[in-house]
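Below is one structure, written out as C-alpha cells, with a few remarks after it.
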2 protein chains.
Amino acid sequence: MSTARPASLPTIKRLPSYLQIIENARDDGREFISGTVIADELELEPIQVRKDLAVTGIVGKPRVGFSVSELIEAISAFLHWNKVNRSILLGAGHLGTALMGYSEFRRHGLSIIAAFDPSPERHDLVINETRILPMDDLDDFIRREQPEIAILTVPSSVAQQTADQVIAAGVRSLWNFTNVKLKVPAGVVVQKEDLSSGYAVLSVKMGLAAHSAECSDDPAPLPGGRTSTI
Amino acid sequence: MSTARPASLPTIKRLPSYLQIIENARDDGREFISGTVIADELELEPIQVRKDLAVTGIVGKPRVGFSVSELIEAISAFLHWNKVNRSILLGAGHLGTALMGYSEFRRHGLSIIAAFDPSPERHDLVINETRILPMDDLDDFIRREQPEIAILTVPSSVAQQTADQVIAAGVRSLWNFTNVKLKVPAGVVVQKEDLSSGYAVLSVKMGLAAHSAECSDDPAPLPGGRTSTI
DNA sequence: TAGATTGTTAATCGATTAACAATC
DNA sequence: TAGATTGTTAATCGATTAACAATC
C-alpha cells in the first residue's frame with residue numbers, strides 16, 4: 001500500500017458501498033477480490049472502481065485483484081473509520097433512535113456516547129446502549145467528555161439554536177439531519193443529510209419511467225446519464 | 001412559464017432546497033424572490049441557482065426576480081410534487097415511524113396510506129395517521145389499493161425478499177433505505193438512500209479540518225472544491 | 001435614468017471513460 | 001504460456017462558472 005491521494009466527493013461517497021461488498025467477501029472467507037467483481041455487484045464500470053480504490057493507496061495484483069484484508073484496511077484508513085469517533089446525539093425521537101441502533105456505523109467507529117432530549121419521560125432511558133440525558137446536562141457533558149461529533153436529529157425549529165449551543169460548548173463537527181441550512185463559524189464541519197433530495201430524484205425518475213412506459217419501449221435513463229446512479 | 005427542460009441529477013437534488021427557501025418567502029408574505037437571494041441563503045453561486053431554476057421553465061423579471069407563487073408552482077410541477085403519490089411503508093421501526101411523521105413529504109405529495117410490519121404488537125396501531133398492518137395483508141392490499149411507491153425501512157436481511165414481494169404484487173417504484181443493492185426487473189425504479197455515504201463525507205471532512213488546524217491557518221476546502229457543498 | 005437581475009452563449013474545470021502497456 | 005486484471009496516460013463528456021447583452 002502506497003500513500004493515499006486526494007479524492008473527489010463522488011469517489012468518497014462510493015467508498016462505503018465498496019467496503020460493504022468487500023466485508024461480505026471477507027465474511028465468505030475470500031482472500032482476494034477484483035474491481036470487476038465489485039463493479040458487477042454495484043452496477044458500476046470496472047474502471048471507475050479501480051480509479052476510486054486507487055485514492056486509498058491500495059495496490060492490487062494483476063490477474064488476481066486486491067487483497068480483501070488490505071482493501072478493508074485501506075478504505076477504513078482513508079475514511080478514518082478505523083478510529084473511534086465519540087459523538088452525542090441531539091433529539092432522541094424516532095430518527096435519532098434509529099441512528100443509535102445502526103450497528104453499521106458503530107462498526108465503523110461512530111460511538112454515540114450519549115443522547116439528549118428535552119422530554120422528561122425519556123430521561124435515563126437506555127436505548128441501544130445509549131443513555132438519554134436532559135438538555136440541562138448538555139453543556140457540562142460536552143466540556144467533560146469532549147465528543148467530536150454532534151448528530152442533530154432535533155425538530156427543524158430548534159436546529160440552529162441547538163447547533164449554536166453545542167458549538168459554543170466545543171463541538172467542531174455536526175451531522176445535520178434537519179432540513180435547516182445551519183450557520184456555523186469557520187472551522188466547524190457540517191454534513192447535511194437531505195432526504196428531500198432523494199424524494200426529488202425518486203419523483204423525477206418515476207415521471208420519466210411513466211412517460212417512457214406510455215410512449216415507447218425504450219429504456220429511459222435519467223437525463224445526465226452517466227451519473228444517474230449516484 | 002415556458003416548457004421544462006431536462007435536468008442533471010445535481011440540479012434535481014438542489015431544487016428541494018430552493019423550494020424550501022421560496023416557501024419560507026411565501027410564508028413571509030413576499031411576492032418576488034431573486035436567484036441572488038436564494039444563492040446567498042444556501043451559500044451557492046447565483047448563476048447556479050439561475051441555471052437550475054431554468055430547467056423548470058420558469059421565466060423571471062430582470063431586476064425583480066421570480067414570482068414566488070410561480071416558482072413554487074414550477075418547481076412542484078417539475079418534481080411532480082403537485083400530485084399525490086400513494087405509497088406504503090415496509091417496516092414500521094424507528095426509521096419508518098420517523099418517515100411517517102415527516103410533514104414535509106406529506107406536503108409535497110407523499111401519502112403513506114399504510115405501513116406493514118411483522119410484529120403482532122404493532123398491528124392496528126395508528127402512527128401519524130398511518131395504520132400498521134400485518135405482512136399477511138400486504139399482497140391483497142397492494143392489489144386493491146395500487147400504491148405507486150413502496151418505502152423500504154426493513155432490516156437489510158429481508159430487504160431483497162420484501163422488494164421481490166411488493167414488485168410481484170405490482171409496485172413499480174421503491175424508496176430503499178436499507179444498505180442493500182436491490183436487484184429489480186427492468187422498468188422498476190429504485191431510489192437508494194445511503195447514510196453511509198454521508199458518514200464517509202463527514203469523516204473525511206473532519207480529517208481534513210483536523211489536519212489543517214494542526215498544520216496551517218489556511219481554510220481547507222474538500223478536494224474537488226467546486227462540488228464540495230453537495 | 002441607473003442599476004440590479006435575468007437568461008444566453010462561451011469557457012473552464014473536473015469527473016468519467018477509453019485505451020493500452022505492464023504484470024502475474 | 002495465455003489471459004485476466006491492474007494502473008497509467010489520454011480523451012471525452014458534462015457540470016459549473018464566466019461574460020455579457022437584454023430588460024424592466
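Chain letters run A, B, ... following the sequence lines, proteins first, then strands; residues in each count from 1.
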Atom [atom1] of [X] and atom [atom2] of [N]: how far apart are they, to the nearest Å?
{"X": "A:Phe66", "N": "C:dC24", "atom1": "CZ", "atom2": "P", "value": "14 Å"}
{"X": "B:Leu44", "N": "D:dT16", "atom1": "CG", "atom2": "P", "value": "10 Å"}
{"X": "B:Ile58", "N": "C:dT6", "atom1": "CD1", "atom2": "P", "value": "11 Å"}
{"X": "B:Lys61", "N": "C:dA4", "atom1": "NZ", "atom2": "P", "value": "20 Å"}
{"X": "B:Gln48", "N": "C:dT8", "atom1": "CD", "atom2": "P", "value": "17 Å"}
{"X": "B:Leu53", "N": "C:dT8", "atom1": "CG", "atom2": "P", "value": "13 Å"}
{"X": "A:Glu45", "N": "D:dC13", "atom1": "CD", "atom2": "C1'", "value": "14 Å"}
{"X": "A:Ile12", "N": "C:dA15", "atom1": "CD1", "atom2": "C1'", "value": "13 Å"}

Assess whether a salt bridge exists between [X] and [Y], defined as any Lys/Arg side-chain N lying under 4.0 Å from an Asp/Glu carboxylate O.
{"X": "A:Lys183", "Y": "B:Glu41", "answer": "no"}
{"X": "B:Glu31", "Y": "B:Arg26", "answer": "no"}
{"X": "B:Glu70", "Y": "B:Lys61", "answer": "no"}

Of the listed nucleotides [options], the one nearest the side chain of [X]:
{"X": "B:Arg63", "options": "C:dT16, C:dG3, D:dT5", "result": "C:dG3"}
{"X": "A:Ser8", "options": "D:dG7, C:dA15, D:dT23", "result": "C:dA15"}
{"X": "A:Ile47", "options": "C:dG7, C:dA19, C:dT5", "result": "C:dA19"}
{"X": "A:Arg14", "options": "C:dG7, C:dT16, D:dT16", "result": "C:dT16"}

Sorted by position of nearest nucleotide on DNA chain C, 5' first, the leading residue of A:Asp52 and A:Val64 is A:Asp52

Once hydrogens and angles are ignored, does a donor-acceptor distance under 3.5 Å link the base of C:dT17 to the side chain of A:Lys51? yes

Does C:dT9 have OP1 or OP2 sitting under 4.0 Å from an N or O in the side chain of B:Arg50? no

For A:Gln191 and A:Asn176, which I'm curious about, is there any donor-acceptor pair between the side chains at under 3.5 Å? no

Once the angle between the rings of B:Trp175 and B:Phe105 is folded into 0 to 90°, is it parallel (under 30°), tilted (30 to 60°) or perpendicular (over 60°)?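 The arrangement is perpendicular - the two ring planes meet at more than 60°.
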
Any strand, both distances under 3.5 Å, Watson-Crick or G-U wobble: C:dC20 pairs with D:dG7

